[in-house]
Amino acid sequence: MKKRVVTGIMATMIFASPFLPTIAQADTLEEMEQQKNELDSQSSELNNKIEKQDSTLNDLESEKSILESDITTLQTQIDETVLKLHDQEQKLEESKAKVEQLKKEIELLRELIDQRTGKLENQARSVQTDGNASNLIGLLITAESFTDLVGRIGVVNQLVTANKDIVTEQATDQKALETNEVKAQAEKVAIEDTKNDIELSKNNLVAQKAEMDDKIVQVAIQYDMTEEEKNTFVKEQQVIATQTSTLSETMQKERQRIIEEEQARQLAVQEAAEAAAVKAAAAEEARLVAVASQEKAEQEETARQERTAEQEEAAKKAQTAKKEAEQAAEQKATIASSYIKKSTSSTKSSSTTSSNSSSNTSPSTQPTVTQKPKPEPVAPSSNSDFIRPSGGYMTSAYGYRVHPITGDYKLHGGTDFGGGGAIVASKSGSVVIAGYHSDWGYYVKIDHGNGLQTLYAHMVAGSLLVTPGQQVSQGQQIGTMGTTGSSTGVHLHFEMYKNGSRVDPASYL
C-alpha cells in the first residue's frame, strides 16, 4: 500500500506541475499565432480581391471586344449609308438636270403659247376693227362667178380651220406644260425626301458610333484602373507573404525554445517529486489508519441512529391516524352547513341580477364626420410662345439638388419630365446638334433666334428624327424619351439657353 501511495503522489505532482510555470512563456507565442492568423486572413482577402479584379478585367476585355465588333458593323452600315446618300445625291443632280431641261421645254412652250395667243388676239382685234360677220357674207355675195364663189368659201374655211387648230394646239401645249411642271416637282420632292431619310439614318448611325466610342473609352479607363488596383493587391500580398514567412521562422524558434525549457523543467519536477514522495508516504499511511478508525465509529453511530428513527416513526404514524379521523368529522359538519347557506343566497342573487341587467341598456350615438372638398388643380400658366416639350409630368425642377448618381450637391440646369413618349420642339427653329454625348446621351439642340436655344436629352438610341441644319416647326416630333447617357430612368432633360447661358425653363413654358 505504501508503494501505491508513493506512486500516486509522484504522478499527481508530475501531471499538475506543467500548468504553473509555462503560462508566462506561452503569451508571446500566442500573440505570434494570432498575428500569423491575421496575416493569413489578410492574404486570403487580398487573394479574393485579385481574383475578383481578374474576373472584372476579363469581363471588360470581353465587353471591349464586343464593342469593337459592334463599331466595325456600325461603321460598315455608315459606309453603306454614305454610298446610298452619294447615289441619291447623284440622282438628285440628274433630277435637277431633268428639271432644268423641263424648265427649258416649259419656257419654249410658254413662248409658243404666247405667240399663238398674240396671233389670236391680233385676229380678234382685226375682226373687231376692220369688219364683222356681214363682211364675210359680203365677200361671198360679191363673187363674180361660181368658181370665184367656191374659191372664196375655201378661203373662209381655211381661216376658220386655222384658228380652230391654233386653239386646239394651244390647249394641248398648255396641258403638257402643266403635266411637265407637276412631274418635275414630284420627282424633285421624291428624291429630296429619300435624301432626307438617308441623312437622318446616317445621323443616327453616327450618333450610335459616338456612343460606342464613348463606352470604349470608359471601358479602357476602368480596365487601366482595375489593372492598377490588381497590381497594388499583388504587392500587398507579397509584403504579407514576407511578413508571414519571417513570423513563421520566429514562431518555430520560439516553439523549440519552449519545448527545451519544458523538458528541463519536467525533469527537475520529477526528481523533486520522487524525493518528496518518500516523505509523504508515512504521513499518508498514518492518515489512512486514522480514516479507518473514524469510519468504524461512524458506522456504529449510524446503526444506533437508525434504530431510534424507527421508533419515532411508529409513534408519528399513530398520532397522524388520530388527527385524520378528527379532521374527517369536522369536514362533514362544515359541508352540511355550507349547503344550507348556499341555497338561501342563490334565491336573493337571482332577483338582484335581473334588476341590474334591465337598467344597464342605453342607446349609442356616433359623431358625424364632414369631409372637406379637395381643391381643384390649377392649370399652369404660360407667359411666352414656347410649349411643353413633352406630355409627361415634371419630376425635377431647375435649381440646386443632390445629384442622383454622384451624390454631389450641384445645380440641376434644366427641367426633367417623366412618363415616356414623344419629344416635340418647344418652338420652331433650326437644329444645331442632333447626336450623342456621354452625359446627355442622344440629344437635340435647337436655335430659335433672338439668343434663345433649347436642348432635349436622354432620347432612345436611334430615335433622332431631325438632322443638323434642318428647320423644325413648333410641336414637331424630334425624338422619343429614353434613359441614355447619365440617367437613372426614362425621362426628358429639357434645358433653356439665353445668350449662351442656362436659365430656368419654367419662366418660358
Side-chain angles (χ1 to χ4, degrees), residues 196-197 200-201 203-204 207-208 210-211 376-406 410-498 500-509:
N196 291 336
D197 291 341
L200 191 61
S201 299
N203 189 66
N204 274 285
Q208 291 176 23
E211 179 186 16
E376 293 293 332
V378 180
S381 60
S382 175
N383 58 359
S384 74
D385 51 355
F386 285 85
I387 64 172
R388 288 170 62 95
S390 164
Y393 51 90
M394 186 181 74
T395 58
S396 182
Y398 176 94
Y400 282 89
R401 67 170 187 180
V402 177
H403 196 279
I405 296 178
T406 64
K410 58 188 297 187
L411 176 66
H412 179 230
T415 300
D416 290 346
F417 296 93
I423 300 172
V424 300
S426 183
K427 187 180 178 181
S428 61
S430 176
V431 177
V432 179
I433 300 174
Y436 180 83
H437 186 275
S438 58
D439 291 334
W440 289 324
Y442 290 90
Y443 76 109
V444 172
K445 192 172 188 180
I446 301 176
D447 186 0
H448 306 285
N450 296 324
L452 296 176
Q453 293 181 332
T454 52
L455 184 142
Y456 314 75
H458 306 310
M459 297 184 185
V460 174
S463 70
L464 300 176
L465 298 178
V466 293
T467 56
Q470 180 179 340
Q471 294 294 322
V472 294
S473 58
Q474 187 177 52
Q476 177 180 340
Q477 184 176 356
I478 59 176
T480 304
M481 274 195 205
T483 182
T484 55
S486 298
S487 171
T488 58
V490 176
H491 72 289
L492 163 65
H493 177 74
F494 177 70
E495 292 188 357
M496 175 71 70
Y497 292 83
K498 184 175 183 180
S501 299
R502 288 188 297 186
V503 295
D504 188 356
S507 58
Y508 290 87
L509 297 179

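When the side-chain contact (heavy atoms from CB on, under 4.5 Å) test is applied to Ser501, no partner is found at least two apart in sequence or on another chain. Annotation: salt bridge (charged side-chain N to carboxylate O under 4.0 Å, His left out) contacts of Lys427 (sequence neighbours excluded): Asp385. Applying the side-chain contact (heavy atoms from CB on, under 4.5 Å) test to Ile433 and every residue at least two apart in sequence or in another chain returns Tyr443, Lys445. His448 pairs by the side-chain hydrogen bond (donor to acceptor under 3.5 Å, both in side chains) definition with Thr454, not counting sequence neighbours. Qualifying ring-ring contact (aromatic ring centres under 6.0 Å, His included) partners for Phe417, counting only residues two or more places apart in sequence or in other chains: none. Scored by the ring-ring contact (aromatic ring centres under 6.0 Å, His included) test, Tyr393 finds no partners at all (sequence neighbours excluded). With sequence neighbours excluded, no residue satisfies side-chain hydrogen bond (donor to acceptor under 3.5 Å, both in side chains) with Tyr436. Contacts of His458 classified as side-chain contact (heavy atoms from CB on, under 4.5 Å), with partners at least two apart in sequence or in another chain: Ser487, His491, His493. The side-chain contact (heavy atoms from CB on, under 4.5 Å) search around Thr406 returns His403, Asp408, not counting sequence neighbours.
Between Ile423 and Met481 there is a side-chain heavy-atom pair separated by less than 4.5 Å. Contact of the Leu509 side chain with the Ile387 side chain is not registered, since no non-hydrogen atoms from C-beta on lie closer than 4.5 Å. Ser428 is not listed as a side-chain neighbour of Val472, based on a closest heavy-atom distance of 4.5 Å or more. Looking only at side-chain heavy atoms (C-beta outward), His412 and Ser396 come within less than 4.5 Å of each other. Leu455 places a side-chain heavy atom less than 4.5 Å from the side chain of Tyr497.
The OH atom of Tyr508 lies 10.5 Å from the CZ atom of Phe494; values are rounded to the nearest 0.5 Å. In this structure, Thr415 OG1 and Arg388 CZ are separated by 9.5 Å, a value rounded to the nearest 0.5 Å. To the nearest 0.5 angstrom, Lys410 atom NZ is 10.5 Å from Tyr400 atom OH.
The heavy-atom pair separating Thr467 from Ala434 by the smallest distance is CA-CB, 4.4 Å. Residues Asn204 and Leu464 share a closest heavy-atom pair of ND2-O, 2.8 Å. Taking both residues in full, the closest heavy atoms of Thr484 and Tyr442 are given as OG1-N, 3.1 Å, listed atom of the first, atom of the second, then distance. Residues Pro404 and Thr488 approach most closely at CB-CG2, 4.2 Å, considering heavy atoms. The heavy-atom pair separating Leu200 from Leu465 by the smallest distance is CD1-C, 3.2 Å. When all heavy atoms of Ser463 and Met459 are compared, the pair lying nearest together is OG-CB, 3.8 Å.
Among residue pairs with one or both ends in residues 452-466, none qualify as salt bridge (charged side-chain N to carboxylate O under 4.0 Å, His left out); sequence neighbours excluded. Applying the salt bridge (charged side-chain N to carboxylate O under 4.0 Å, His left out) rule to pairs touching residues 392-404 yields Arg401-Asp416, sequence neighbours excluded. Within the structure, the salt bridge (charged side-chain N to carboxylate O under 4.0 Å, His left out) test picks out no pair touching residues 473-494 (sequence neighbours left out).
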Where do Ile446 and Tyr456 land on the side chain to side chain contact (heavy atoms under 4.5 Å, CB included) test, with the steps shown first? CA-CA 9 Å; Ile446 301 176; Tyr456 314 75; 3.7 Å; yes
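Side-chain atoms of Gln474 come within 3.5 Å of backbone N or O of Ser426 as a donor-acceptor pair.
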